[in-house]
**Student:** 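Starting off with a structure, shown below.
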Amino acid sequence: MANSRAEMEIGRYHWMCGSSRPHQYHQVPAMRDNMSPLGIQGCFECCIKCLGGVPYASLVATILCFSGVALFCGCGHVALTGTVTILEQHFSSNASDHALLTEVIQLMQYVIYGIASFFFLYGIILLAEGFYTTSAVKEMHSEFKTTACGRCISGMFVFLTYILGVAWLGVFGFSAVPVFMFYNMWSTCEVLKALSVNMTTSPDQICVDVRQYGIIPWNALPGKACGMALENICNTNEFYMSYHLFIVACAGAGATVIALIHFLMILSANWAYLKDASKMQVYHDIKTKEEQELQDIQSRSKEQLNSYT
């Protein structure tokens, strides 16, 4: 009776709708949370996703490193040129007396070119390494897997950055030496200006002898400047520029040291993350293998049970 009633309902439906074209209903796919109604990912969501993959700590360290190296190399190069000019014009009239110093300064300027080029590449490499080891970037790439080679490269960067940090500590200390020398000359000139007001001591009794710093030999003439000659040196554009540029170069070296310490902390954290990620990867592989074996055992058990029944 139930079957006959169902057949009657079906027949009535075909009688009423037989001449019309049947409607086709398609399932509308559900929209994701980060998709617009048109099926295109929203601009805001894309921006948030991209900003989430930026290693801000590495970016700050890179900017600080570039700024410090640029200040040290640029200001140091110009200040060394001004120092040679001051020595040639006021402290060493014979070119053979400061020939060795001139060659050393030229060599240091070539080294500055190499330092600038090396740290430009090294900063970009460390920034790229920060991008690829940031947890946000790893979440963006679902098939990311750590390898022994990647962990070794991260460890190598940690060691190299540590060596460079120690070396730049020496550079920072060495760059403070010319600042100390120029500060002594500047303070002596300030004393001379005060004497011109008080007239308590003869200005010719106050001198600066650069031979005591070891940059020119003791037989170099005149080797020292006294009184008005010293005050004229302090009023020259070369002295003013060299003094302040050496200060900026020293500050740039200090900023580079801070940037390398910052990089060292970042690389150490990234290396630790890679190490933990590798352990988790091994754990998930073992877990997946065990689950697959368990499924195989269950399937074989069901097959044997079906064969018995």
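What you see is a predicted model; the values in this text were computed from it and never measured.
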**Student:** List the atom of F66, the atom of G123, and the distance in Å for their closest heavy-atom pair.
**Tutor:**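 So the two residues come closest at CE2-CA, 3.9 Å.
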**Student:** Work out which heavy atom in A79 is nearest to a heavy atom in L245; give both atom names and the distance.
**Tutor:**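 So the minimum-distance heavy-atom pair works out to CB-CB, 3.8 Å.
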**Student:** Classify the side-chain pair Q109/T81 by whether it contains a donor and acceptor separated by less than 3.5 Å.
**Tutor:**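 Side chains of Q109 and T81: pair found under 3.5 Å.
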**Student:** What closest approach, in Å, do I115 and C73 show between heavy atoms, and which atom pair accounts for it?
**Tutor:**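 That would be CG2-SG, 4.1 Å.
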**Student:** For W186 and Y240, I'd like to know if the aromatic rings sit close, meaning centre-to-centre distance below 6.0 Å.
**Tutor:** no
**Student:** Can you check whether C189 reaches L230 side chain to side chain, under 4.5 Å on heavy atoms?
**Tutor:**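 The answer is yes; the side chains approach within 4.5 Å.
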**Student:** So, T256 side chain and V69 main chain: donor-acceptor pair closer than 3.5 Å or not?
**Tutor:**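 A pair under 3.5 Å: yes.
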**Student:** Within a 6.0 Å radius of atom CE on M181, are there more than 12 heavy atoms belonging to other residues, nucleotides or ligands?
**Tutor:**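 Buried by this count: over 12 neighbours within 6.0 Å.
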**Student:** Side chains of I215 and F91: closer than 4.5 Å at any heavy-atom pair?
**Tutor:**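 Counting from C-beta outward, I215 and F91 never come under 4.5 Å.
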**Student:** Under 30°, 30 to 60°, or over 60°: which ring-plane class applies to Y110 and Y113, parallel, tilted or perpendicular?
**Tutor:** perpendicular
**Student:** Which pair of non-hydrogen atoms, one from K224 and one from D209, has the smallest distance, and what is that distance?
**Tutor:** CB-CA, 3.7 Å
**Student:** Could you tell me whether W168 and F174 have their ring centroids closer than 6.0 angstrom?
**Tutor:**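 Between F174 and W168, which both carry aromatic rings, the centre distance is not below 6.0 Å.
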**Student:** In the structure I gave you, are the side-chain heavy atoms of Y183 and I247 within less than 4.5 Å of one another anywhere?
**Tutor:**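 The answer is no; the side chains never approach within 4.5 Å.
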**Student:** When rounded to the nearest 0.5 angstrom, what distance separates CD in E231 from NZ in K193?
**Tutor:** 6.5 Å
**Student:** Is the side chain of R211 donor-acceptor paired with the backbone N or O of P217 at a distance under 3.5 Å, no angle test?
**Tutor:** no
**Student:** Looking at I63, is its backbone amide N or carbonyl O close enough to the side chain of S67 to form a donor-acceptor pair, meaning the two atoms are under 3.5 Å apart?
**Tutor:**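 Indeed, once roles are kept as given, a pair shorter than 3.5 Å links the two residues.
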**Student:** Search all heavy atoms of F72 against all heavy atoms of S175 and return the closest pair with its distance.
**Tutor:**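 Answer, listing the atom of F72 first, then S175: CE1-CB, 4.1 Å.
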**Student:** Is any side-chain heavy atom of I112 closer than 4.5 Å to a side-chain heavy atom of L80?
**Tutor:** yes
